[in-house]
2 protein chains.
Amino acid sequence: MTAAPKPRQTRQRTEILSALAAAGDFRSAQQWHDVLRHESSTVGLATVYRALQSLAESGEVDAVVTDSGETLYRRCEAGEEHHHHLRCRRCGAAEEIDVPDFEDWAAKLARKHGYSSLDHTVEITGLCTVCARSSD
Amino acid sequence: MTAAPKPRQTRQRTEILSALAAAGDFRSAQQWHDVLRHESSTVGLATVYRALQSLAESGEVDAVVTDSGETLYRRCEAGEEHHHHLRCRRCGAAEEIDVPDFEDWAAKLARKHGYSSLDHTVEITGLCTVCARSSD
DNA sequence: TTGGTATTGATAATCATTGTCAATAAGCAA
DNA sequence: TTGCTTATTGACAATGATTATCAATACCAA
Ligand SMILES: [Zn+2]
Ligand SMILES: [Zn+2]
Ligand SMILES: [Zn+2]
Ligand SMILES: [Zn+2]
């Protein structure tokens, strides 16, 4: 129940949000930083890391962890509602997907095993049409 | 279709497999290395990393990536068959779970979106009975 | 406008994981 | 069993993403 410590509206945060809104794919903090730099922004890398992290916690952006441990972020259509992705592991493109009944099913199953404080990850990765074509 | 380059049966690999067989929970490479050291084994850390990695690729052990990017390994009951987990994020305990029809459903959905070379992650985490009790 | 404080950013520090490479030891043939 | 070829090992350096520092800056409530 910690009161929401609302972040200040700063130039940097605004720029970062804009970048996220402009491109809809999943990218790492470093990649977003590059994007901003190319748009002649002067945001620092550490700031990008902090902002994305904070935005992900508040649910304003989605974060996924790749198999190699990198964290990717993207601003989603679905807003702050919980949802899952079908994502291209090559280019970061992603579709929001609906996994019918999964939440309830998971909760029931976990309860049966005595687990509490649940959380879950359901991500499907593959190659999108474009990347599949250009990969051979 | 690359021919299977079978690994040599070495003392180190045997020791690592034994450790994995003895304890059934998810642990990081470093943790398994600690375990082995306490059992007066002399395996090197790099070797543990390499072995676990190779075992994971061949499907003999399961690997999951935590939110913080660490990779955890465990020897599973289900053998080399593909399956999913309900895992305690505190102690590494895990149950094998069956997610009915998920594979087929995912394949169908992805095809609909034009994605190929599919892969997926379905992991449920929580606190097991023991850890829930001792966490307040 | 102004003071208190959150945010910034350049940089150093962390830390899991991977690369290096000489020494060692499987596994195979004779 | 004895070599020989070559994969494997392990101590250590190197990488690379992320986090911590901390003085300078800029929100924003009063
Ligand atoms: Zn999304
Ligand atoms: Zn793609
Ligand atoms: Zn398993
Ligand atoms: Zn537990």
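- Residue B:Arg27 contributes atom CZ, which lies 16 Å from atom P of C:dT17 at whole-angstrom precision.
- Counting distance only, with no hydrogens placed and no angle test, the side-chain atoms of B:Arg50 and the base atoms of C:dG19 include no donor-acceptor pair under 3.5 Å.
- Summarising the geometry, the separation between OH on A:Tyr49 and P on C:dT11 is reported as 17 Å, rounded to the nearest angstrom.
- When heavy atoms are screened at a 4.0 angstrom cut-off, B:Thr42 is found touching the sugar-phosphate backbone but no base atom.
- In this structure, CD1 of A:Ile16 is placed 11 Å from C1' of C:dT7, rounded to the nearest angstrom.
- If you take CD of A:Glu15 and P of D:dA26, they are 13 Å apart, rounded to a whole angstrom.
- Residues of residues 52-72 of chain B having a heavy atom closer than 4.0 Å to DNA chain C, listed by number: B:Gln53, B:Glu70, B:Thr71.
- Across the protein-nucleic acid pair, B:Gln30 atom CD and C:dT18 atom C1' stand 12 Å apart, rounded to whole Å.
- Among the nucleotides C:dG9, D:dA11, C:dT18, the one closest to the side chain of B:Arg37 is D:dA11.
- Summarising the geometry, the separation between CG on A:Leu45 and P on D:dT18 is reported as 9 Å, rounded to the nearest angstrom.
- Taking the C1' atoms of five terminal pairs at each end of the helix from C:dT1-D:dA30 to C:dA30-D:dT1, the two resulting helix axes are inclined by 40°, rounded to 10°.
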Any chance you could list the contact pattern along nucleotides 23-30 of chain C? Use B for base contacts, S for sugar-phosphate-only contacts and - for none, protein heavy atoms under 4.0 Å, 5' to 3'. ---BS---
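- Remark: A:Arg13 CZ to A:Leu52 CG distance equals 9.5 Å, nearest 0.5 Å.
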